[in-house]
Amino acid sequence: MTLSVYNTLTRSKETFQTLEKNKVRMYCCGITVYDYCHLGHARTCLVWDVVRRYLKWCGYEVQYIQNFTDIDDKILNRARQEGTSMEAVSEKFIAAYFEDMEHLGVGKADAYPRATHTLDGIKRLVSELEQKGFAYPAEGDVYYSVQKFPEYGKLSGRKLEDLQAGASGRVGVEDPEASKKQYPFDFALWKAAKEGEPAWESPWGNGRPGWHIECSAMVRERLGETIDIHVGGGDLTFPHHENEIAQSEAVTGKPLSNYWLHNGMIIVEGKKMSKSLGNFITIRELLDKFEPMAVRLFILQTQYRKPLDFTEEALATATNSWETLKEGLLFGYQYGKQLGFSIPSNASSQSGELITRFKEAVDDDFNFAGGLAVLFEIAKNLIREGNILVHEGKTKTASQELAAQWQTLIELAGILGFAVQPEETNSNSTGGISDAQIEALVQQRNEARKNKNYAESDRLRDELQAQGITLIDKPGGVTIWNRS
RNA sequence: GGCGACAUAGCCAAGUGGUAAGGCCGUGGAUUGCAAAUCCAUUAUCCCCCAGUUCGAAUCUGGGUGUCGCCUCCA
């Protein structure tokens, strides 16, 4: 089995091969920290984190870097609004980012470089571009000359002529930068300082970096001249990633990344979820209403490249689905003692029919939705076995087999980032009502049932239910119960 | 106008040449005093439309239609 991935650069699925054996260098374009993250950001962070997890599970050593853009007009605007500094705004939303991602169960990248911490690398890169003739200064700004880079447009499949035709009348007449540019699609590498804004010294005067250059500098600094995988939201393909390529490859003469992967957008009522349209829901708002794992399931049940429609109904459905998966994941914690096995081991099996089917699905361009089908099959079966155990007291399936299935389920769920707290099954300990008390009430109810005093029996049943005790009437007048 | 992606049941969604995974919702039966829970069974003769290639296509080719993204900051 080999992993194949859809490479935006070639617009086709390719067999995945690393530069260095068993080692993956991966970079993800992160966020500009001027506000709370919304569901769209969550999709990007979550999907690529799961990709990273999967690669690790496959045996790769993965180096995963994600940046924070902490120099930007939007951050400055926010700082003005709030009467604070750019740093204060950045720090606030970086902290919020980490909180949100922790709630969602998104793992940490190996490093989170920031633009403000990468100034030396950025300036060095701009200088090199200038020396090589790809950049030109203009009144304190420095621009990249896209016409000097023959391959410009190779990632997004655009030609400069097409861009020009399409953008007619739309590109920046009122943009003050436009007049400084030699060509409309040149972009800023460095911007001259404006009154009262943060600025750094440079050979071109005091100023700050443009947006695209930071990623080129960070990749080079942290991962090297060529990396294996560069990922990000599909809306960054052009111009951001196109410009990154132009910047990096003009300097190094080598490919910036062998694979470019892009995730699809979150759609709300037919339109992309975005700040500008105002049709977004922040991760915080979302998690007030839905469980983190339900959100995860909602995201992972659609192939990462496809657009994903956000509706409350879809999240509610995902919540139900998660309940099913969760019950399967709890199986061992619930019945393990009874069946004679304990906590799941950390040993990775990497074998077995179920694992193979999962791997086959996911190896095809990270088809997590296909992989989830395997998890649900296992979960459903374990739930059934668990119910038989509750109702009958025993099951025909060998406990070894059940232990193995559960182990597999835990392992596969772990790759996708699904986890349960075993304590969830023990919430009863705080219930207050003792087993003996329950038994007495059950007795009382059965007496009432015998006497056909159903009003009383139903009252007792409701009373127990209110305390989280579910009664199961079995044939023959036998009643068993469990704490839910 | 240019570039690209997608179109599968009530809803979500896999499946890239061999006769439609999985989830949610629902339905029928068993069981029950009634419920709940559970068990069993069941839910697309067909994959946007038309034409073609093939013994055979949801899957390949051509032509339509529709939806979305990018072309401007954007995950």
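In what follows, every chain begins at residue 1, and chains take the letters A, B, ... in the order their sequences are listed.
Cation-pi contact between A/Lys275 and A/Tyr34: present, with separation from the ring centre below 6.0 Å and deviation from the ring axis of at most 45°.
Note that CE of A/Met26 and CG of A/Asp110 are 10.5 Å apart. Values are rounded to the nearest 0.5 Å.
Here B/A5 sits opposite B/U67 as a Watson-Crick or G-U wobble pair (both hydrogen-bonding atom distances under 3.5 Å). When Watson-Crick and G-U wobble pairs are counted only if both distances are under 3.5 Å, B/U42 pairs with B/G26. Using N1 to N3 plus N6-O4 or O6-N4 for Watson-Crick, or N1-O2 and O6-N3 for G-U wobble, each under 3.5 Å, B/A37 pairs with nothing.
Residue A/Gly234 is out of contact with every strand shown, counting any heavy-atom pair closer than 4.0 Å. Among the protein residues, A/Asp364 comes within range of the sugar-phosphate backbone only, with heavy atoms under 4.0 Å from sugar or phosphate atoms but none that close to a base. Here A/Arg459 lies out of heavy-atom contact (under 4.0 Å) with every strand. Residue contacts for A/Lys275: at a heavy-atom cut-off of 4.0 Å it reaches no nucleic acid atom on any strand shown. Note on A/Asp73: nothing from the nucleic acid sits closer than 4.0 angstrom, heavy atoms only. Contact annotation for A/Glu313: no contact, since no heavy-atom pair falls under 4.0 Å across all strands. Residue A/Ser457 is classed as a base contact, given a heavy-atom separation below 4.0 Å to a base. Looking at heavy-atom distances under 4.0 Å, A/His38 makes contact with a base. Backbone-only contact: A/Lys380 has heavy atoms under 4.0 Å from sugar-phosphate atoms and none from a base. At the heavy-atom level, A/Leu471 lies under 4.0 Å from base atoms of the strands shown. The residue A/Thr324 sits close only to the backbone: its heavy atoms come under 4.0 Å of sugar-phosphate atoms, none of a base. Across all strands shown, A/Asp473 has heavy atoms under 4.0 Å from base atoms, whether or not it also approaches the sugar-phosphate.
With hydrogens and angles left out, the side chain of A/Lys306 and the base of B/C6 share no donor-acceptor pair within 3.5 Å. Side chain A/Arg461 to base B/A35: a donor-acceptor pair is found below 3.5 Å. One N or O donor and one acceptor, one from the side chain of A/Asp458 and one from the base of B/G33, sit under 3.5 Å apart.
Remark: the separation of the C1' atoms in B/G56 and B/C71 is 43 Å, to the nearest Å. Taking atom P in both B/U45 and B/C55, the straight-line distance is 28 Å, to the nearest Å. As rounded to the nearest Å, B/A44 and B/G22 have P atoms that lie 13 Å from one another. Taking atom P in both B/C25 and B/C39, one finds a spacing of 14 Å when rounded to whole Å. Taking atom P in both B/U27 and B/U59, one finds a spacing of 35 Å when rounded to whole Å. Between the P atoms of B/G69 and B/A20, the separation comes to 35 Å (whole Å). Remark: the separation of the P atoms in B/G17 and B/A30 is 46 Å, to the nearest Å. Across the C1' atoms, B/U61 and B/U53 are found 7 Å apart, a figure rounded to whole Å.
For A/Asn320, whose side chain is taken as the heavy atoms from C-beta onward, the closest listed nucleotide among B/C25, B/G69, B/A37 is B/C25. Side-chain proximity of A/Ile267 to the nucleotides B/G22, B/G69, B/C24 is greatest for B/G69.
Under the 6.0 Å cut-off for aromatic ring centres, A/Tyr304 and A/Phe368 do not qualify, their centroids lying 6.0 Å or more apart.
The nearest heavy atom of RNA chain B to A/Arg11 and to A/Ile388 marks one nucleotide each, and the one closer to the 5' end goes with A/Arg11.
Atom NZ in A/Lys271 sits about 9 Å away from atom P in B/C70, given to the nearest Å. Nucleotide B/A75 holds its C1' atom 13 Å from the OH atom of A/Tyr27, rounded to whole Å.
For CD of A/Glu313, the number of neighbouring non-hydrogen atoms (other residues, nucleotides, ligands) closer than 6.0 Å is 12 at most. The 12-atom threshold is not exceeded at NZ of A/Lys289, counting heavy atoms of other residues, nucleotides or ligands nearer than 6.0 Å.
Here A/Tyr454 lies parallel enough and close enough to stack on the base of B/G33, with planes under 30° and ring centres under 5.5 Å apart.
A 4.5 Å side-chain heavy-atom check between A/Glu244 and A/Ser216 finds at least one atom pair inside the cut-off. A/Tyr97 has its side chain within reach of A/Phe68: a pair of non-hydrogen atoms, C-beta onward, lies under 4.5 Å apart.
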